[in-house]
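The structure presented is a predicted model; accordingly, all values stated were derived computationally and were not measured.
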Amino acid sequence: MPPNPPKSSVLCHRLNTAPNTSSNNQKNNMMIKNQQQQRAPIPEAVARYHTHGVGPNKCCSAVTQEIAAPVSTVWSVVRRFDNPQAYKHFVKSCHVIVGDGDVGTLREVQVISGLPANSSTERLDVLDDESHVISFSMVGGDHRLSNYKSVTTLHPSPSGNGGTVVVESYVVDVPPGNTKEDTCNFVDTIVRCNLQSLAQIAENLARRNSKSSSACPK
């Protein structure tokens with residue numbers, strides 16, 4: 001992990017295959033704490049979802065996005081495992097092939113042209129409506145992101161403005177011929193674009209909801 005990580009890279013806990021010494025563990029923990037201090041504080045209850053064990057041929061990173069909309073509004077978009085294209089612009093289409101939206105549901109995703117992928121089969125691993133956590137894994141398809149696992153959490157903005165902080169972390173195998181830095185830069189770009197799109201959609205939805213509420217007779 002670089003000593004001065006980019007703003008989007010947070011909460012990534014790397015584990016070496018060699019036995020860790022006490023000093024190595026302390027160094028890893030300090031790096032995570034330093035990254036958190038550079039941004040809005042991440043609650044411990046949230047941070048634990050974004051701790052990934054990473055071997056020598058894997059990489060992990062995380063992206064944060066603040067959204068000027070309530071958690072409930074943002075979650076109504078994020079939790080739709082059957083409709084990722086609502087805010088993920090790189091997704092051309094999505095079809096549920098197994099399940100009805102509960103944990104274990106499988107979806108077949110087709111991506112737009114121009115990416116080094118055509119399709120992805122993805123499994124819903126976690127859907128926690130109370131804690132606002134969703135996680136999925138890529139289990140098949142025509143792409144280069146082998147053993148990709150993503151975790152997305154939502155929590156209220158610490159600024160107290162009624163907004164939401166979204167954290168999306170992932171761990172993935174480094175494709176042959178690529179470096180960890182190349183892989184993280186590529187995936188970070190996609191995740192960042194997705195979350196920026198999510199912010200725009202959720203904020204527009206919140207404004208519409210606010211107008212509808214104010215228009216209702218009291």
query: Rounded to the nearest 0.5 Å, how far does CG of L154 lie from OG of S72?
result: 10.0 Å
task: Verify the cluster assignment for L127 and Y170: are they in a single hydrophobic cluster under the rule of side-chain heavy atoms below 4.5 Å apart?
output: yes
message: For a side-chain contact (heavy atoms from CB on, under 4.5 Å) check, start with the C-alpha distance between L124 and I134, then their side-chain angles and the critical distance, and finish with the verdict.
response: CA-CA 8 Å; L124 180 61; I134 185 169; 3.7 Å; yes
- request: Mind listing the closest non-hydrogen atom pair of V171 and G53 along with its distance?
  value: CG2-O, 4.3 Å
task: Please check if the side chain of S157 supplies one atom and the backbone of V165 the other of a donor-acceptor pair under 3.5 Å.
output: no
task: Give a yes or no on whether the backbone of Q196 and the side-chain of Y87 come within a donor-acceptor separation of less than 3.5 Å.
output: no
message: Testing the basics here: between C94 and Q85, what is the closest heavy-atom pair and its distance to 0.1 Å?
response: CB-OE1, 3.4 Å
field: L115-V191 co-clustered via ILVMFWY side chain contacts under 4.5 Å
entry: yes
query: Got a sec, which pairs hit ring pair (Phe, Tyr, Trp, His ring centres under 6.0 Å) with one end in residues 59-86, sequence neighbours left out?
result: W75-H132
Closest contact, heavy atoms only, A86 versus V77: CB-CG1, 4.5 Å
- prompt: Does F136 reach the side chain of V151, with side-chain heavy atoms less than 4.5 Å apart?
  reply: no
field: Rounded distance (nearest 0.5 Å) linking atom CG of L198 with atom SG of C193
entry: 12.5 Å
task: Decide if atom CG of N57 counts as having more than 12 heavy atoms of other residues, nucleotides or ligands within a radius under 6.0 Å.
output: no
query: Hey, quick one: are F186 and V63 part of the same hydrophobic cluster, counting side-chain heavy atoms closer than 4.5 Å, chains of contacts allowed?
result: yes
message: For T183 versus P175, what's the shortest heavy-atom pair and its separation?
response: OG1-CD, 3.4 Å
message: Is a donor from one side chain sitting under 3.5 angstrom from an acceptor on the other, for D128 and Y49?
response: no
- prompt: In the single-linkage hydrophobic clustering (I, L, V, M, F, W, Y; side-chain heavy atoms under 4.5 Å), do I201 and L195 co-cluster?
  reply: yes
message: Determine whether a donor-acceptor pair (N or O, by modelled atom type, separation under 3.5 Å) exists between the side chain of N204 and the backbone of Q200.
response: yes
- prompt: Considering residues at least two apart in sequence or located in another chain, which fulfil the salt bridge (charged side-chain N to carboxylate O under 4.0 Å, His left out) criterion with R80?
  reply: D82
- prompt: Between the side chains of E181 and T179, is a donor N or O closer than 3.5 angstrom to an acceptor N or O?
  reply: no
- request: Take V167 and I42 through the side-chain contact (heavy atoms from CB on, under 4.5 Å) test and state the conclusion after the steps.
  value: CA-CA 9 Å; V167 183; I42 303 298; 4.1 Å; yes
- request: Output, in order, the C-alpha distance, side-chain angles, deciding distance and verdict of side-chain hydrogen bond (donor to acceptor under 3.5 Å, both in side chains) for S93 and Q110.
  value: CA-CA 5 Å; S93 65; Q110 301 292 324; 5.6 Å; no
query: Are side-chain heavy atoms of H52 and S169 found at a separation under 4.5 Å?
result: yes
- request: Might you work through the side-chain contact (heavy atoms from CB on, under 4.5 Å) test for V74 and V166, ending with a clear yes or no?
  value: CA-CA 9 Å; V74 182; V166 181; 4.1 Å; yes
Nearest heavy-atom neighbours spanning F90 and I190: CD1-CG2, 3.9 Å
query: Can you tell me how far the OG1 atom of T121 sits from the CD atom of E108, to the nearest 0.5 Å?
result: 3.5 Å
query: So do the side chains of V133 and T152 get within less than 4.5 Å of each other, counting heavy atoms only?
result: no
message: Side-chain heavy atoms nearer than 4.5 Å, only ILVMFWY residues, links allowed to pass through others: does that put I97 and V139 together?
response: yes
query: Within the side chain of R144, is there an N or O that forms a donor-acceptor pair under 3.5 Å with the backbone of V174?
result: no
task: Kindly determine whether R207 and N209 satisfy side-chain contact (heavy atoms from CB on, under 4.5 Å), including the steps that lead there.
output: CA-CA 5 Å; R207 282 192 289 268; N209 291 343; over 6 Å; no
query: For S137 and D125, does a side-chain donor sit closer than 3.5 Å to a side-chain acceptor?
result: yes
- prompt: Does a donor on one side chain and an acceptor on the other come within less than 3.5 Å for K149 and S135?
  reply: yes
task: Could you check if a side-chain atom of S61 sits within less than 4.5 angstrom of a side-chain atom of V187, using non-hydrogen atoms only?
output: no
- request: Classify the side-chain pair S119/H143 by whether it contains a donor and acceptor separated by less than 3.5 Å.
  value: no
message: Once rounded to the nearest 0.5 Å, what's the spacing between atom OG of S197 and atom CZ of R192?
response: 14.5 Å
- request: Heavy atoms only: give me the nearest V91-I112 pair and the separation to one decimal.
  value: C-CG2, 4.4 Å
- prompt: Should M138 and N147 count as side-chain neighbours, where that means a heavy-atom distance under 4.5 Å?
  reply: no
message: If the condition is salt bridge (charged side-chain N to carboxylate O under 4.0 Å, His left out), which residues does D173 pass it with, not counting sequence neighbours?
response: K58
message: Quick check against the 3.5 Å criterion: does T189 have a side-chain atom that pairs as donor or acceptor with the backbone of N185?
response: yes
- prompt: Quick check: does any side chain N or O of T164 sit under 3.5 Å from a backbone N or O of V71, one acting as donor and the other as acceptor?
  reply: yes
